[in-house]
Amino acid sequence: MSTLHRLIAALAPLVPALRALAPRPVTAAERLAAFPTSRLPLSHPVDIRWNGHQIPFIEAETDGDLAVALGLVHAHLRGGQIALMKRVAQGRLSEIAGPVARDIDHALRILDYGHAADTVIDRMPADSRAFAEAFVTGVNAYHALERAPPPEFALLGLRHEPYTLRDLWSIGRLAGSDINWVAYFGLLRERGTPGFAEAWARTLKAGANAVTSFTPQSEDGGRQAALATLLTATGRTGSNSVAVDAAHSATGGAMIASDPHLSLSLPNLWLIAGMRSPGYHMAGLMVPGLPFVAVGRSLHLAWGGTNMRAASSDLYDVSALPDAEIQTRETVIRTRFWRRARRKVRRSRFGPIVSDAKVARSRPGDTIALRWIGHEATDEVTALLRASRTTTPEAFRAAFAGFGVSAQNMLVAGADGRIGQIMAATLPVRSRFPPADPVLDARDPETHWHGLVDAPDLPWTADPPDGVLATANNRPTDTALPVGFFFSADERVRRLYALLRSKDRLTPEDLAALQADTVSPDSGALARHLVEAIRTAGIGGDQAGFLDRLAGWDGDYAAGSAAAPAFEALLHHLVQQVYGAETAEAMPRLMAQWNAITAFLADDLAALAPDRRRQVLAEAVGLAAIDAAPIPSWGEMHRMRVAHVLANLPVLGRFFVFGEYPTGGSRETPMKTAHGLVRGRHNASYGSMARHVADMSDPDASWVTLFGGQDGWLGSEGLTDQIPLWRERRSIRLPLRPETVAREFPTLTRLSRA
């Protein structure tokens with residue numbers, strides 16, 4: 001322990017806000033001892049069995065009691081995280097961070113995540129509403145009985161507030177944020193500038209992914225950076241998911257493997273739980289504060305998904321609308337350590353006026369509204385609860401009627417050996433797509449939405465001929481209805497299919513290895529192309545050793561790779577040279593993206609005049625060789641930081657960093673550990689942070705691992721206890737048979753009303 005840390009520990013009893021900086025280490029036994037077991041809003045006793053990683057398996061006699069117990073578990077393991085997510089969804093960060101967060105809060109209030117909540121709640125079917133209400137009751141019951149609030153409450157000035165159905169829906173909408181907003185808002189200020197039309201055309205081309213995951217069934221016809229960080233950290237921004245049918249499985253059962261790509265901070269944005277009641281018997285990954293299993297399995301089906309990157313939003317120029325069509329209200333932003341601020345929030349029939357947000361960085365005088373599916377009355381809770389009780393791919397698809405955001409490519413594997421893929425989305429019907437300008441003219445009826453289409457009417461597939469399916473944020477399939485235009489690069493899904501088709505019969509171990517794969521075929525191809533171009537230009541003789549590191553590289557970003565750091569240093573300098581930027585930060589926004597680099601860099605380099613091309617290559621090679629020389633391996637350059645979300649705090653953040661280690665992977669490898677243009681040591685920004693594998697031949701054949709751990713309590717051994725498993729590519733079994741659960745989840749907590 002450092003001297004400063006000892007000082008903080010000594011002062012902590014005197015200054016309550018400092019206690020979170022030096023939290024007392026807490027064992028799993030101590031944490032479980034703090035779980036309230038009596039005076040609970042239950043109709044019958046409930047058993048919660050825990051394994052050594054603080055993963056619960058809940059056994060309840062009624063579905064309502066199961067929901068209450070789930071709420072108790074979420075509040076116990078992730079109470080602090082849920083409180084923070086609630087405040088983000090409501091635009092209340094200034095109450096924690098002070099005046100620096102006001103512009104972000106204003107933007108979040110304009111986005112209005114709770115806009116449709118009351119309507120959705122009123123329309124919910126009785127069974128799913130009752131389940132959600134019981135879950136909320138469980139969260140509140142825990143907080144009423146807990147011995148002490150989470151440690152970070154004192155540091156952040158938080159206090160518990162009643163959790164409501166509206167809060168639940170707002171957090172759900174936050175988790176469903178449209179990843180396309182980051183691109184949209186980044187383009188607003190550039191509209192109308194020289195070259196913008198070409199840049200927009202290139203954006204569309206770079207995102208127009210050509211690889212599809214499936215052929216549809218014949219019946220369907222064959223601070224802006226801070227706000228972006230919040231949206232991409234909590235929204236379902238990436239992920240891989242694959243499925244294998246029984247005929248291509250070595251175990252005789254259909255299999256599925258999913259790994260979400262989200263923030264790499266702690267606590268993890270997923271929580272693991274198993275459960276059994278009259279209506280539900282399943283286990284998997286849940287979003288803290290939400291009552292459904294989003295990635296997991298039941299006795300009958302296993303499911304997982306990836307963000308579809310669907311075009312679920314449109315921007316509209318509403319400057320010509322009559323004043324009477326613009327609703328204006330004032331919102332008060334309470335600010336820690338400062339006076340309150342008052343801001344205007346405006347809304348039109350095309351959605352909220354997002355150009356009023358400073359972080360949107362629109363042009364002066366713009367009046368731009370955002371129309372988003374998330375402001376419609378879609379019901380994701382009902383869809384996922386019902387899907388978890390289905391038994392066939394067809395019923396699974398039907399359950400997603402009314403599911404809206406974020407649009408997901410959902411894969412499903414059945415105990416009968418079948419697999420399928422559906423488009424879990426609600427999408428607008430448009431006349432013209434993609435648009436010639438990212439901002440549409442609200443006066444033109446052709447730009448308006450002409451109805452909505454959801455999962456039962458969107459293309460899907462079941463029982464593919466080759467017995468495998470893969471999705472990695474690529475275009476799901478060819479459709480008559482426009483789906484999107486900002487799809488991920490093709491290479492992840494191509495790599496996944498190559499691995500799936502490399503064997504006649506696959507095992508669960510093969511799927512686990514696939515999740516840890518670090519090969520980027522496009523990086524290897526681009527490296528070989530650049531080496532050839534450099535040597536053809538007659539340069540690089542003084543850098544023969546550097547070029548030898550790259551020659552023949554297959555694109556494997558293994559932690560021990562010597563070629564990967566050389567390639568990244570070369571790419572960093574070459575992209576800047578080709579596009580005339582003095583620094584990476586000054587790069588054209590589009591050309592710093594991997595989609596665009598793979599789509600355009602080689603051609604743009606070849607299009608340069610020969611003398612200029614030779615100069616660009618020579619300068620890039622010379623600088624890259626200097627940068628790469630002291631870096632022997634990719635793991636020395638590319639690091640995985642283990643840190644709490646509070647590590648983002650100024651000054652105090654360093655107290656919440658628990659270490660870092662070398663890691664493999666890159667932007668678009670199956671084991672995604674994303675980064676930008678880099679030339680030295682850096683931390684992965686987001687990527688693979690949870691793993692789930694299920695084999696439907698055996699109810700007990702399900703495995704999961706989190707980057708970090710299950711318990712969000714600062715100081716708990718369960719906050720980081722799965723890091724060794726993650727690094728060693730080991731997993732935790734998540735069984736469904738009661739006798740196996742009793743054996744492998746030996747610690748029993750019995751809950752009662754008395």
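The chain is numbered in sequence order, starting from 1. Only heavy atoms go into these numbers, but all of them, side chains included; no hydrogens, no water, no symmetry mates.
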**OP:** Give the intermediate values and the outcome of side chain to side chain donor-acceptor pair (under 3.5 Å) for residues Thr119 and Asp122.
**Re:** CA-CA 5 Å; Thr119 302; Asp122 287 344; 5.9 Å; no
Subject >> Residues His375, Asp112; criterion side chain to side chain donor-acceptor pair (under 3.5 Å); working and verdict >> reply: CA-CA 8 Å; His375 290 142; Asp112 194 8; 5.5 Å; no
Original post:
Yes or no on salt bridge (Lys or Arg N to Asp or Glu O under 4.0 Å) for Arg31 and Asp711, after CA distance, side-chain angles and deciding distance?
Top reply: CA-CA 9 Å; Arg31 286 287 289 132; Asp711 193 5; 2.7 Å; yes
Original post:
Under the side chain to side chain donor-acceptor pair (under 3.5 Å) criterion, do Arg371 and Ser348 qualify, and how do the steps go?
Top reply: CA-CA 9 Å; Arg371 186 159 192 193; Ser348 72; over 6 Å; no
Subject >> side chain to side chain contact (heavy atoms under 4.5 Å, CB included) between Leu315 and Phe350, intermediate numbers included >> reply: CA-CA 8 Å; Leu315 295 174; Phe350 295 94; over 6 Å; no
Original post:
Between Arg109 and Thr331, does a side chain to side chain donor-acceptor pair (under 3.5 Å) hold up when you go through it step by step?
Top reply: CA-CA 8 Å; Arg109 295 187 188 196; Thr331 187; 2.8 Å; yes
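A pairwise comparison of heavy atoms in Leu751 and Ala69 identifies CD1-CB, 4.4 Å as the closest pair. Taking all atoms of both residues into account, the shortest heavy-atom contact from Ala302 to Ile256 is CB-CG2, 3.5 Å. Nearest heavy atom pair, residue Pro151 against residue Trp713, reads CD-CE2, 3.5 Å. Considering every non-hydrogen atom in both Phe153 and Ala83, the closest pair reads CZ-CB, 3.8 Å. Gly305 and Met410 get closest at one heavy-atom pair: CA-SD, 3.9 Å. Shown here for Leu285 and Pro260, the closest heavy-atom pair between the two residues is CD1-CG, 4.4 Å.
Side-chain atoms of Arg691 never come within 3.5 Å of backbone atoms of Asp259 as a donor-acceptor pair (strictly under, hydrogens ignored). With Asp65 contributing its side chain and His44 its backbone, the two residues share a donor-acceptor pair below 3.5 Å. Side-chain N or O atoms of Glu161 include none that pairs as donor or acceptor with a backbone N or O of Arg159 at under 3.5 Å. Of the possible donor and acceptor atoms, none in the side chain of Ser277 sits under 3.5 Å from a partner among the backbone N and O of Thr62. Between the side chain of Ser239 and the main chain of His261, a donor-acceptor pair closer than 3.5 Å is present. Without hydrogens or angle criteria, His281 side chain to Leu736 main chain gives a donor-acceptor distance under 3.5 Å. Of the possible polar contacts, one joining the Thr335 side chain to the Ile333 backbone as a donor-acceptor pair under 3.5 Å is found. Judged by distance alone, with hydrogens and angles left aside, the side-chain atoms of Trp303 form a donor-acceptor pair with the main-chain N or O of Val293 at under 3.5 Å. For Arg166 (side chain) and Gly114 (main-chain N/O), a donor-acceptor pair under 3.5 Å exists by modelled atom type. Arg129 places a side-chain N or O within donor-acceptor distance of the main-chain N or O of Ile121, the cut-off being under 3.5 Å.
Remark: the Tyr113 side chain and the Ser177 side chain contain an N/O donor-acceptor pair separated by less than 3.5 Å. Side-chain atoms of Gln710 and Asp721 form no donor-acceptor pair, as typed in the model, at a separation below 3.5 Å.
Between the OG1 atom in Thr705 and the CD1 atom in Ile272 there is a gap of 7.5 Å [rounded to 0.5 Å]. Taking CG of Leu271 as the reference point, atom CD of Gln81 lies at 8.0 Å (rounded to 0.5 Å). A distance of 12.0 Å separates NE2 in His300 from CE in Met282, rounded to the nearest 0.5 Å. Considering CE of Met689 and NZ of Lys672, their distance stands at 13.0 Å, rounded to 0.5 Å. Here the CG atom belonging to Asp178 is positioned 8.5 Å from the OG atom belonging to Ser406, to the nearest 0.5 angstrom. A distance of 13.5 Å separates CD1 of Ile732 from CH2 of Trp703, quoted to the nearest 0.5 Å.
Using a 4.5 Å heavy-atom threshold, the side chains of Met286 and Leu70 count as touching. Within the 4.5 Å cutoff, the side chain of Met85 has heavy atoms near those of the Val287 side chain. Residues Leu262 and Trp270 form a side-chain contact, since some pair of their non-hydrogen atoms from C-beta on lies under 4.5 Å apart. Residues Phe57 and Pro735 form no side-chain contact, since every pair of their non-hydrogen atoms from C-beta on lies 4.5 Å or further apart. At least one side-chain heavy atom of Leu108 sits less than 4.5 Å from a side-chain heavy atom of Val88.
Between Tyr142 and His74, the distance separating the two ring centers is not shorter than 6.0 angstrom. Aromatic ring centroids of Phe131 and Phe135 lie 6.0 Å or more apart.
Under the 4.0 Å criterion applied to side-chain N and carboxylate O atoms, Asp105 and Arg334 are not assigned as salt-bridge partners. Under a 4.0 Å N-O distance rule, the pair Asp127/Arg386 qualifies as a salt bridge.
Between His644 and Phe656, the ring planes are tilted. Angles from 30° to 60° get that label. Between Trp50 and His76, the ring planes lie perpendicular to each other; the angle is over 60°, past the 30° to 60° tilted range.
Under the ring pair (Phe, Tyr, Trp, His ring centres under 6.0 Å) test applied with Trp372, the options Trp449, Tyr316, Trp181 reduce to a single match, Trp181. Tested against Val46 for a side chain to side chain contact (heavy atoms under 4.5 Å, CB included), the candidates Thr37, Thr749, Ile58, Val68 yield a single pass: Ile58.
Remark: Arg329 CZ is packed, more than 12 non-hydrogen atoms of other residues, nucleotides or ligands lying under 6.0 Å away.
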